[in-house]
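To keep things clear, I will list the structure first and then write my remarks on it.
Numbers restart at 1 for each chain; the letters A, B, ... are given by sequence-line order, proteins then strands. Here the structure is a predicted model, which means the values were calculated and not measured.
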Number of protein chains: 2
Amino acid sequence: MSRSQAEKALIHEHIVEVAAKRFREVGLNGIGVADVMKEAGRTGGGFYKHFESRDKLVEEAMTCAYKKRKESAAKYINDPSLSLSDFVESYLSERHINNPGSGCAVSALMNDVARSSETVRALFSAEVESQIATMMTLLNDKKPSETRAQAILAICTLAGAVGLARAISDEDLSRELTTVGHTLLKALEA
Amino acid sequence: MSRSQAEKALIHEHIVEVAAKRFREVGLNGIGVADVMKEAGRTGGGFYKHFESRDKLVEEAMTCAYKKRKESAAKYINDPSLSLSDFVESYLSERHINNPGSGCAVSALMNDVARSSETVRALFSAEVESQIATMMTLLNDKKPSETRAQAILAICTLAGAVGLARAISDEDLSRELTTVGHTLLKALEA
DNA sequence: ATTATCTATAGATCTATAGATAATGC
DNA sequence: ATTATCTATAGATCTATAGATAATGC
């Protein structure tokens, strides 16, 4: 019934990954610890040998979601054949809109985070700062003095568009919102 | 102990107003019906003589929040001394960021709505469509063919900025995000 | 008589803990 | 012996309902 410490670490990581996915799908209060454990293939009672509290799971899950997102954003910086417009297209894609569980936690959970602990909000702040840095790298700065302001415009627009597109039931309007990428790119070129 | 039907209607309206405020502050699942009743000066048990279910309260509260927001947006359209930049400044003001309970329900609850019923999402869709129309009126269209795209850019940017600014714990970064208004207005003028 | 509100509570769900079980690791 | 996991449950909270109470309105 018991496991080795190495196995426990893998199980711990798996629980965090399941939570990171489910929290983005149903919100930070949308699933209980017993169900997260169940979906990770464990029983609810074992939870508190892995986490001090539910809040700690939320913190680890957010950190996990941010880390995975950074890894996926890195390819747009490292691959010279990919540019800002590819990133924007991917961020506003139907695939991203329809799969919050594997997508950007910033657009999926900003409202939840606004009502969360200082710790969760601090992790979120660091992630937004990191996303601004990534965006600044993707903007090949014609006007260096405006690069940061442009990066902030891009992030607010993208996060807003995805958040709104997911909330809207009218599929045509939802799709229309994602065309904001073209308007944004035009505005950044000007 | 009982009240007249006229009084009941006033009480009903007051319960909806309390819910509209509290839902925007703590999320659609952040407060129970008993506490809403208590804050409206009633006891929890009377709730179901006013609403068929908790979901119905959410629907009425969202409708109420949208209606009040439309009234407040109307003055930017009707008063010729107020322009788009005044609206943007007000939307991104510290006052709006710090008071979600009396602010725009779209930026405060988009993530919650994305996980809600078809009815709630349909009400949200109509509100976004209405905000696009308002924004189009505020944009004195130099290029009419692009007015709608520009309105969508503005709404995504503003909703995103307010959502992010509320979630971020770093006050300097939060304030910096609200300067996106200048970048947006410049982009719309170009 | 009807009904708006109140008190009380059933039933479901959630966080966290206690104690039992069975494998690890010195 | 230690510990990772399991079963079971205490205590809190939430939606919804039942029955009592007291005012309205024909």
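Using a 4.0 Å cut-off between charged nitrogen and carboxylate oxygen, A/R121 and A/E118 count as a salt-bridge pair. Between A/R22 and A/E25 there is a salt bridge, since a side-chain N of the basic residue sits under 4.0 Å from a carboxylate O of the acidic one. We find that B/K68 and B/E17 are joined by a salt bridge, their nearest charged nitrogen and carboxylate oxygen being less than 4.0 Å apart.
Side-chain contact annotation: B/D79 with B/S81, donor-acceptor N/O pair under 3.5 Å present. Between the side chains of B/S90 and B/Y76, a donor-acceptor pair is found at a separation under 3.5 Å.
Put simply, CZ on B/R42 is 11 Å from C1' on C/dC6, counting in whole angstrom units. Across the protein-nucleic acid pair, B/K38 atom NZ and C/dC6 atom P stand 13 Å apart, rounded to whole Å. Taking atom NE2 of residue A/H50 and atom P of nucleotide D/dA4, one finds them 8 Å apart after rounding to whole Å.
Each salt bridge (charged side-chain N to carboxylate O under 4.0 Å, His left out) pair with one or both residues in residues 88-108 of chain B, not counting sequence neighbours, would appear here, but there are none. The side-chain hydrogen bond (donor to acceptor under 3.5 Å, both in side chains) contacts involving residues 123-137 of chain A comprise A/K70-A/E127, A/S125-B/S169, A/E127-A/Q131, A/E129-A/R148, where partners must be two or more places apart or lie in separate chains.
Ring orientation note: the planes of B/H50 and B/H12 are tilted relative to one another, at an angle of 30° to 60°.
Here the CG-OG1 distance, from A/L188 to B/T183, works out to 9.5 Å after rounding to the nearest 0.5 Å.
Contacts between residues 7-19 of chain A and DNA chain D, counted as heavy-atom distances below 4.0 Å, involve A/K8, A/I11.
Checked against salt bridge (charged side-chain N to carboxylate O under 4.0 Å, His left out), A/E7 has no partners two or more places apart in sequence or in another chain.
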>> Return a single string for nucleotides 13-18 of chain C, one symbol per nucleotide in 5' to 3' order, where B is base contact, S is sugar-phosphate-only contact and - is none, cutoff 4.0 angstrom on heavy atoms.
In response: --SBB-

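Crowding of B/E71 atom CD: a count of heavy atoms from other residues, nucleotides or ligands under 6.0 Å exceeding 12.
A/T43 comes within contact range of at least one nucleobase, with a heavy-atom separation under 4.0 Å.
Of the side-chain N and O atoms in B/Q5, none sit less than 4.0 angstrom from OP1 or OP2 of C/dT3.
Counting only Watson-Crick or G-U wobble pairs whose defining distances are both under 3.5 Å, the stems of 3 or more consecutive pairs in DNA chain D are C:1-24 with D:1-24.
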